[in-house]
Amino acid sequence: MACKAMHQLLFLVYGLLTFNVVPVAFGYRRSGVPFKVHKAVVIQKESLVQQRAGSPETVSAQCTEWDVIVTINPDLLGIQHPVQASDLSVGGCGVTSQTPTAFVIEAPLQGCGSTVMMLADEMVYTFILDYNPSPIPGIPIIRTNPAVVQIECHYPRNHNVSSNALNPTWVPYTSTISAQDVLGFALIIMNSDWSGPSSSNVFYLGDLINLQASVDSTNHVPLLLFVDNCVASSASNGSAPIYTFIGNNGCFTDSKVTGSNSQFIIPRIAPSNLQIELDAFRFYGVATSSVFITCRLKVTLASQAIDNLNKACTYITGLSQWTSVDGSNQVCSCCDANCATGQKRRIEMARRRPGRSVKTTPVEWEKTLVVGPLFLEGKHHPAVSEHLTATEAKPAGSFMLVLGSMLVVLALTCSAFLLYLLYQKPQISN
């Protein structure tokens, strides 16, 4: 044990002197597996509404090489009112374990709503711890306010150090692996011709909302992107009803359930892109017109065959059939049932076979993203209004023309009558 501690100490000193890296500590999980603890920062929001949420006494974090471990005191707000575990989440990921004195949430670095920022000498992963109080069943009151705590994990970036100041002509293996593990997922609202992001977030019933999902797979083997699930809600905090328009592992159910024009665009513009046309809608009986869209994106190797769990299928109403963006229509046959059932059964059977390994999707190959708010309005017919205005203007113009003609005739008649009187007056005098 003493030798191990000495080895860790020498590693830290060597890192500080030669690589200029952020020092890390060593810890042990409850299972006894050791892990490195990197720099963690808990940012308390300066708000009286939050009381003590985010203070060292209520929230702490440990950043390992693959996840962040957040520990929350039940008296999160410091007002002697314990919070409920079900009201705590990190980017939608709930409490994973708890004791009488603490709640614990273990969130993967590439999941649970995390964002990553590249700095000159480090990578910073940011998580948001949300506390959204809910009433106790049967009691329509609450005694705590919502709270938000920001958590940051700081990791040193990989550098190459040479005493001779040489520029290597190869990419170090460790740097390659680190770069490959970071995938840049994106979900963007596009304009009507797909030429760029939309400049407006206001849409009207009857419009098609263009969404483009993509992944930046630089320094990575070719990947194929899928939209596994998409839901819409009038609020971003999960308090409002939701509508699932893409589900069942990539089935565009909205086009079949409502007979809409919603669809995946065929063909893809690239394996790492997937374009979506969503027929605009509003929530019935909801006063607000805002809509938030949450989608779960994932990738597989481009060389991997399309299957029930990795697909993009649209229901074509005119043909009464499901169609795959990638041409494998047979994988869409499960869209009217449960696509996960058959695939999970095959995976379980493969696991039981001796000597067979089962490939699973890495956590960092999936990402949940949110866009919004979008504002949906009920009426927008400028072309019709212009047409009606022009049509209404025609009778008015005709009436003015007739009236003008009558005035001209009347004026000419009056002039002729006056000339007649003037001509008759001298004759009468004679």
Using only heavy-atom distances, determine whether the side chains of Y155 and E65 contain a donor-acceptor pair under 3.5 Å.
no
Just by distance, do the side chain of N191 and the backbone of W194 share a donor-acceptor pair under 3.5 Å?
yes
Contacts of type ring-ring contact (aromatic ring centres under 6.0 Å, His included), residue Y243, not counting sequence neighbours:
F281
Could you note down all residue pairs passing disulfide (SG to SG under 2.5 Å) where residues 187-284 supplies at least one of them, sequence neighbours left out?
C230-C295, C251-C335
If you look only at pairs with a residue in residues 230-245, which of them pass as a salt bridge (charged side-chain N to carboxylate O under 4.0 Å, His left out), with sequence neighbours excluded?
none
N273 vs L225 side-chain heavy atoms within contact, under 4.5 Å:
no
Residue pairs, two or more places apart or on separate chains, that pass salt bridge (charged side-chain N to carboxylate O under 4.0 Å, His left out) and touch residues 320-339
K256-D336, R268-D326
For S290, enumerate each residue passing the side chain to side chain contact (heavy atoms under 4.5 Å, CB included) test, keeping only those at least two apart in sequence or located in another chain.
T288, F292, P373, F375
For A302, what residues pass the side chain to side chain contact (heavy atoms under 4.5 Å, CB included) criterion, not counting sequence neighbours?
P222
What residues, two or more places apart in sequence or in another chain, satisfy ring-ring contact (aromatic ring centres under 6.0 Å, His included) together with Y315?
W322
Stepwise, does the side-chain contact (heavy atoms from CB on, under 4.5 Å) test hold for T58 with V149?
CA-CA 11 Å; T58 59; V149 179; over 6 Å; no
With no hydrogens and no angle check, is any side-chain donor or acceptor of K367 less than 3.5 Å from a backbone partner on S114?
yes
Would you please say whether a donor-acceptor pair under 3.5 Å links the side chains of S260 and D279?
no
Could you walk me through whether N310 and Q304 pass the side-chain contact (heavy atoms from CB on, under 4.5 Å) test, one step at a time?
CA-CA 10 Å; N310 303 289; Q304 180 178 324; 3.8 Å; yes
Applying salt bridge (charged side-chain N to carboxylate O under 4.0 Å, His left out) as the test, list every pair that has at least one member in residues 147-156; sequence neighbours left out.
none
In a check of side chain to side chain contact (heavy atoms under 4.5 Å, CB included) between L309 and each of N249, T300, V331, which one passes?
N249
Can you list everything that forms a ring-ring contact (aromatic ring centres under 6.0 Å, His included) with F264? Sequence neighbours excluded, please.
F252
Checking S89 now: which residues fulfil side chain to side chain contact (heavy atoms under 4.5 Å, CB included) with it, not counting sequence neighbours?
D130
Tell me, please, which residues at least two apart from T294 pass side chain to side chain contact (heavy atoms under 4.5 Å, CB included).
V231, T368, V370
Spell out, as yes or no, whether a donor-acceptor pair under 3.5 Å connects the side chain of D207 to the backbone of I209.
no
Tell me, which pairs form a salt bridge (charged side-chain N to carboxylate O under 4.0 Å, His left out) where one or both residues lie in residues 218-228, sequence neighbours left out?
D228-R296, D228-K298
Take V371 and N201 through the test side-chain contact (heavy atoms from CB on, under 4.5 Å) and record every step on the way to the result.
CA-CA 10 Å; V371 294; N201 62 345; over 6 Å; no
